[in-house]
Number of protein chains: 2
Amino acid sequence: MAKQGETAERILAIAQRMIQSEGYNGFSFRDIAAEIGIKSASVHYHYATKGDLGAAVAARYAARFVTWLERIVTEGRDARHRLILYVGLFRAAVVEDGRMCLCGMLGAESESLPLEVLEEARQFFTRNLAWLGNVFESGAADGTLIFTGSSEDHARLTLAALEGAMVFARVNGDPASFDQIAETALARYTR
Amino acid sequence: MAKQGETAERILAIAQRMIQSEGYNGFSFRDIAAEIGIKSASVHYHYATKGDLGAAVAARYAARFVTWLERIVTEGRDARHRLILYVGLFRAAVVEDGRMCLCGMLGAESESLPLEVLEEARQFFTRNLAWLGNVFESGAADGTLIFTGSSEDHARLTLAALEGAMVFARVNGDPASFDQIAETALARYTR
DNA sequence: GTCTATAAGATGATAGAC
DNA sequence: GTCTATCATCTTATAGAC
């Protein structure tokens, strides 16, 4: 969590975008270098191996996500409102930028990932499910989210639907289908 | 749809498994050749380019899926039963073999795919959503599936949840989470 | 149908100069 | 921090012999 240099930061941002667009196996150090206007050897100076870079990207993504989650806890009026804001995090990636969730992409590619990258993706899901589980639990308590069964189960179902919805939106080049799925998923919890 | 030679068939099967495991960008003609015990030039004899091979794999997968869907229509006692059998198709891939849905993987990788491959993945989703939409429609009619909103919306939501559930199961190496998500999703449709 | 041989380029990574 | 140079290897793909 130390402060990052200017170039190291740009590398992370570009690598993240490329993984979200083409997948972990779909980008190279040369691609990144070309976009910045440096050579691939310079990228290796900042991140020794591709596994190191991938793990750093995933860790940064997960950490930022945690920050956003904390903000939602502050801003969300009630559990239902928090859930809506949560959906907005995913919506931003796919609808505004046409990208997958970074960890959804990495999750699909699990088997071809270096272990250190996979481990970061795992933590993303673990943390998100814990947070979402709390939202459903407080939703059951404050009456803004109606469901039967455990809050953990509905946290899983909701996150799975969001990840799947991003795949849909991309394969059809139709961001609106993400919104449609998200709305149908949320509608089930009111009334 | 002409009859395939022995080797051509093996190539398709191996390529499919590799795409489901490592992704389209995670396998090479050499990988396939090595597993069969031939040279990569021989793979090129059967499928001139990687795009050709990828499109053939996706087309075969989608065609087989259609066959399975037809069988479900025959075997399914009612709409709810058909939906349960449908979930079983996805379950088989992830729980028994630890693989992604082929088209879920391709959908995530959309942006780095040759157009002919993407097009086949698209058709898979289109056909599945049409079929699932019919299931929900008849479920509303025969009373075995209870929901508010359109059958198309619930078809989308269900398929999205299944695709997402496969990502979960793989990232955690925990097939049981697929079952948990699928059950939670189905439970919502029986009152 | 499969092979050898080969091309032409990409890839992850390193050594050492500036 | 960035460069040049280089490496060994992999990748998709083709030509032509068997």
Side-chain angles (χ1 to χ4, degrees), chain A residues 2-58 105-106 109 111-120, chain B residues 2-58 60 105-106 109 111-118 120:
Chain A
K3 228 173 272 181
Q4 298 278 162
E6 167 76 12
T7 304
E9 179 60 30
R10 290 184 69 189
I11 291 171
L12 286 179
I14 293 168
Q16 179 185 325
R17 199 203 65 226
M18 287 181 173
I19 295 174
Q20 287 180 280
S21 299
E22 341 270 352
Y24 182 80
N25 294 313
F27 81 97
S28 74
F29 273 43
R30 276 183 167 78
D31 294 333
I32 294 175
E35 189 166 322
I36 298 182
I38 57 178
K39 298 295 172 180
S40 71
S42 303
V43 178
H44 277 284
Y45 167 81
H46 294 282
Y47 300 96
T49 71
K50 194 176 181 181
D52 289 341
L53 173 55
V57 168
M105 179 70 90
L106 294 178
E109 291 179 305
E111 257 172 282
S112 58
L113 296 183
L115 276 184
E116 62 268 31
V117 180
L118 178 58
E119 186 49 39
E120 295 292 341
Chain B
K3 227 173 272 180
Q4 297 280 162
E6 167 76 12
T7 304
E9 179 60 30
R10 290 185 69 188
I11 291 171
L12 287 180
I14 293 169
Q16 180 185 322
R17 199 204 63 226
M18 286 182 173
I19 295 174
Q20 286 181 279
S21 298
E22 341 271 351
Y24 182 81
N25 294 313
F27 80 98
S28 73
F29 274 42
R30 270 190 170 83
D31 294 332
I32 294 175
E35 189 166 324
I36 297 181
I38 57 178
K39 298 294 173 180
S40 71
S42 303
V43 179
H44 277 283
Y45 167 80
H46 294 281
Y47 300 96
T49 71
K50 192 176 182 181
D52 289 341
L53 173 54
V57 168
R60 191 185 75 140
M105 179 70 89
L106 294 178
E109 291 179 306
E111 258 172 281
S112 58
L113 296 183
L115 276 185
E116 63 268 31
V117 181
L118 179 58
E120 296 293 342

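Convention: sequence-line order gives letters A, B, ...; per-chain numbering from 1. The analysis underlying the following values was restricted to heavy atoms, covering all of them including side chains, and did not include hydrogens, waters or symmetry mates.
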I'd like a table of atom pairs between the protein and nucleotides 13-15 of chain C - only N or O on both sides, under 3.5 Å - with the distance next to each one.
unit_1, atom_1, unit_2, atom_2, d
C/dA13, OP2, A/Lys50, N, 2.8
C/dA13, N7, A/His44, NE2, 3.3

**Q.** Comparing B/Gly37 and A/Phe27 on DNA chain C - which has the more 5′ nearest nucleotide
**A.** B/Gly37
Q: State the CE-CG distance between B/Met18 and B/Asp31, to the nearest 0.5 angstrom.
A: 5.0 Å
Q: Specify the residues of residues 7-22 of chain B, ordered by number, for which at least one heavy atom lies under 4.0 angstrom from an atom of DNA chain D.
A: none
Q) Atom CD in B/Gln16, atom CG in B/Leu53: separation rounded to 0.5 Å? A) 11.0 Å
Q) Which value, rounded to the nearest 0.5 Å, describes the distance between B/Thr7 atom OG1 and B/His46 atom NE2? A) 4.5 Å
Q: To the nearest 0.5 angstrom, please state how far the CD1 atom of A/Ile11 sits from the CD1 atom of A/Ile36.
A: 4.5 Å
Q) Between atom CD1 in B/Ile38 and atom C1' in C/dT4, what is the gap in whole Å? A) 14 Å
Q.
According to ring pair (Phe, Tyr, Trp, His ring centres under 6.0 Å), who are the partners of B/Phe29, at least two apart in sequence or on a separate chain?
A. B/His44
Q) Tell me, which pairs form a salt bridge (Lys or Arg N to Asp or Glu O under 4.0 Å) where one or both residues lie in residues 37-57 of chain B, sequence neighbours left out? A) none
Q) Which atom pair, heavy atoms only, marks the closest approach of A/Ala55 to A/Val117? A) N-CG2, 3.6 Å
Q) Considering all heavy atoms of both residues, which atom of A/Tyr24 and which atom of A/Gly54 are nearest to each other, and what is their separation? A) CE1-CA, 4.1 Å
Q.
Over all strands shown, is B/Ser28 touching base, sugar-phosphate only, or nothing at heavy-atom distances under 4.0 angstrom?
A. sugar-phosphate
Q | Approximate separation, where rounding is to 0.5 Å, of B/Ile14 CD1 and B/Ile19 CD1 | A | 12.0 Å
Q | Sequence-distant partners of A/Glu119, side-chain contact (heavy atoms from CB on, under 4.5 Å), two or more places apart | A | A/Arg122, A/Gln123
Q | Separation between CD1 of B/Ile32 and CD1 of B/Ile38, rounded to the nearest 0.5 Å | A | 9.0 Å
Q) Reckon A/Tyr47 touches a base, only the sugar-phosphate, or nothing at all at heavy-atom distances under 4.0 Å? A) nothing
Q.
What is the distance, to the nearest angstrom, from the CD1 atom on A/Ile32 to the C1' atom on C/dT11?
A. 13 Å
Q: Walk along DNA chain D from 5' to 3' and tell me the first and last nucleotide with an atom closer than 4.0 Å to a non-hydrogen atom of chain A.
A: D/dG1 to D/dT4
